[in-house]
Amino acid sequence: MATTSGLSYGVVEGWEQLPAGYEHRDVAGVAVDGEDRIFLICRGDHPIIVYDRKGNFIRSWGEGDFTYRTHGITAAPDGTVWCTDDGNHTVRRFTPEGKLLMTLGTPNTAADTGYDGKDYMTITKPADAFNRPTNLAIGPKGDLYVSDGYGNCRVHRFSPTGERKRSWGVPGTGPGQFYLPHGIAVGADGRVYVCDRENDRIQIFSPEGEYLSEWTDTQRPTHLVFDAKGRAFVSELWWHSGQTSRRHGAIAQARPGRVSVLDPEGRVLARWGGPEASAPGNLAAAHGIAVDSKGDVYVSEVTWTFAVSRGHAPANCHTFQKFALQS
């Protein structure tokens with residue numbers, strides 16, 4: 001793995017003990033709770049799969065409760081789990097065992113943004129309700145921040161009890177504008193970091209939504225999380241030849257997916273990912289990321305949607321990988 005500052009990571013092959021009969025062609029997101037249990041949110045028959053730190057299966061839940069378009073998952077400091085379902089326009093809070101506690105958004109009701117249901121470029125106006133939300137982050141005082149990306153161009157801030165307090169964002173490439181706000185995290189100081197995926201940047205805001213700055217040494221960022229030292233771990237999608245970046249224009253040569261580790265100022269500390277998408281340690285479709293208390297990294301991949309179905313990877317390509325911090 002490419003690295004600086006002494007950080008190095010190695011893929012842990014065979015870590016996940018997926019039960020017989022289970023499969024996950026797309027793992028949309030991953031989260032680690034305070035006990036170092038790993039929660040996967042998948043697109044398949046078993047939406048939520050839970051492991052211990054050694055990869056032993058603990059349980060699954062959510063069967064029948066989610067659409068196929070599950071998207072993001074966040075473990076809260078109180079042990080509850082937030083799940084984003086962009087297929088039914090909700091973000092829901094559950095116990096670790098799967099009991100529903102709270103719902104943000106109106107199920108199966110999309111806000112009017114002009115979105116045609118397929119192309120985010122058809123979004124003509126923002127809305128203060130969900131249209132295919134993507135991820136949730138929790139601030140240091142318990143406020144909830146939701147990136148509302150595929151059918152909207154907004155970030156929404158809610159109180160800990162679910163009351164919407166503020167929304168911001170419009171379509172575009174300028175400061176505070178978004179083309180697919182896809183991942184979101186909140187730093188220890190309350191600043192809000194938004195993966196503006198199709199603009200190839202991470203925008204940084206005050207807790208109230210004031211634009212502060214942006215990081216541009218990132219490629220199609222899908223999600224980010226912070227460790228206890230304030231380092232940012234970012235999952236980044238491929239750019240394939242023929243696609244169009246809102247920052248770089250038409251992509252003439254493929255740019256492989258990767259993971260980047262950044263310091264609190266956005267400088268690269270470590271980075272990995274290569275052109276052979278299916279090789280262990282490379283990324284076919286990095287979509288979610290989490291870090292445990294030991295510094296190990298977990299990356300979820302929507303391999304079927306972004307790679308296999310488009311001919312970029314074989315059907316048996318990995319959809320979830322663990323990377324151990326090397327001592």
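Bear in mind the structure is a predicted one, so any value in this text is a computation, not a measurement.
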Trainee: Do you know which two heavy atoms are closest between Tyr68 and Arg43, and how far apart they sit?
Mentor: O-CG, 2.9 Å
Trainee: Between Trp272 and Phe323, does the ring centre distance come in under 6.0 Å?
Mentor: yes
Trainee: Which heavy atom of Ala286 sits nearest a heavy atom of Ser235, and at what distance?
Mentor: CB-CB, 3.9 Å
Trainee: Using a strict threshold of under 4.0 Å (side-chain N to carboxylate O), is an ion pair present between Glu236 and Arg220?
Mentor: no
Trainee: Distance under 6.0 Å and angle within 45° of the ring axis: does Arg201 meet both against Phe178?
Mentor: no
Trainee: When you check the side-chain N and O atoms of His318 and Gln321, is any donor under 3.5 Å from an acceptor?
Mentor: yes
Trainee: Could I get the full list of salt bridge (charged side-chain N to carboxylate O under 4.0 Å, His left out) partners for Asp143, not counting sequence neighbours?
Mentor: Arg157, Lys165
Trainee: Would you please classify the geometry between the Phe306 ring and the His287 ring as parallel, tilted or perpendicular, with 30° and 60° separating the classes?
Mentor: tilted
Trainee: Less than 4.0 angstrom from a charged side-chain N to a carboxylate O is my criterion; do Asp217 and Arg271 meet it?
Mentor: yes
Trainee: Answer yes when Asp85 and Arg92 have at least one side-chain N-carboxylate O distance shorter than 4.0 Å, and no when they do not.
Mentor: yes
Trainee: Closest heavy-atom contact between Asp200 and Pro221?
Mentor: CA-CD, 4.1 Å
Trainee: Determine all donor-acceptor pairs shorter than 3.5 Å in which one atom belongs to a side chain in residues 130-139; sequence neighbours excluded.
Mentor:
| unit_1 | atom_1 | unit_2 | atom_2 | d |
| --- | --- | --- | --- | --- |
| Asn131 | ND2 | Ala111 | O | 2.8 |
| Arg132 | NE | Asp86 | OD1 | 3.0 |
| Arg132 | NH1 | Tyr115 | OH | 2.5 |
| Arg132 | NH2 | Asp86 | OD1 | 3.3 |
| Thr134 | OG1 | Ser147 | O | 2.8 |
| Thr134 | OG1 | Ser147 | OG | 2.7 |
| Thr134 | OG1 | Pro181 | O | 3.0 |
| Thr134 | OG1 | His182 | O | 3.3 |
| Asn135 | ND2 | His182 | O | 2.7 |

Trainee: At what distance, to the nearest 0.5 angstrom, does OG1 of Thr218 lie from CZ of Arg197?
Mentor: 12.0 Å
Trainee: Can you list everything that forms a side-chain hydrogen bond (donor to acceptor under 3.5 Å, both in side chains) with Thr70? Sequence neighbours excluded, please.
Mentor: none
Trainee: Side-chain contact test, heavy atoms from C-beta onward, threshold under 4.5 Å: evaluate it for Ile48 versus Ile73 and give yes or no.
Mentor: yes
Trainee: Of all heavy-atom pairs between Phe226 and Ala232, which one has the smallest distance, and what is that distance?
Mentor: CE2-CB, 3.7 Å
Trainee: Would Tyr51 and Phe39 count as a side chain to side chain contact (heavy atoms under 4.5 Å, CB included) here? Give the steps.
Mentor: CA-CA 7 Å; Tyr51 296 101; Phe39 290 75; over 6 Å; no
Trainee: Ignoring hydrogens and angles, state whether a donor on the side chain of Arg154 or Ser167 is under 3.5 Å from an acceptor on the partner side chain.
Mentor: no
Trainee: Output all residues satisfying side-chain contact (heavy atoms from CB on, under 4.5 Å) with Ser293, sequence neighbours left out; order by chain, then residue number.
Mentor: Asp36
Trainee: Holding to side-chain hydrogen bond (donor to acceptor under 3.5 Å, both in side chains), I want the full list of residues that pass it with Thr84, two or more places apart in sequence or in another chain.
Mentor: none
Trainee: Under a 4.0 Å threshold between the charged nitrogen and the carboxylate oxygen, would Glu16 count as salt-bridged to Lys322?
Mentor: no
Trainee: Could you pull out all residues at least two apart from Arg231 that satisfy salt bridge (charged side-chain N to carboxylate O under 4.0 Å, His left out)?
Mentor: Asp227
Trainee: Of the options Trp215, Phe205, Phe233, which is the one that meets Tyr193 in a ring pair (Phe, Tyr, Trp, His ring centres under 6.0 Å)?
Mentor: Trp215
Trainee: Would you say Gln203 and Asp196 are linked by a side-chain donor-acceptor pair, where the criterion is simply a distance under 3.5 Å?
Mentor: yes
Trainee: Within the 4.5 Å heavy-atom criterion, are Tyr298 and Ile289 side-chain neighbours or not?
Mentor: no
Trainee: Would you indicate whether the side-chain heavy atoms of Arg255 and His248 approach each other to under 4.5 Å?
Mentor: yes
Trainee: Over 60° means perpendicular and under 30° means parallel, so classify the ring planes of Phe66 and Trp61, tilted if in between.
Mentor: tilted
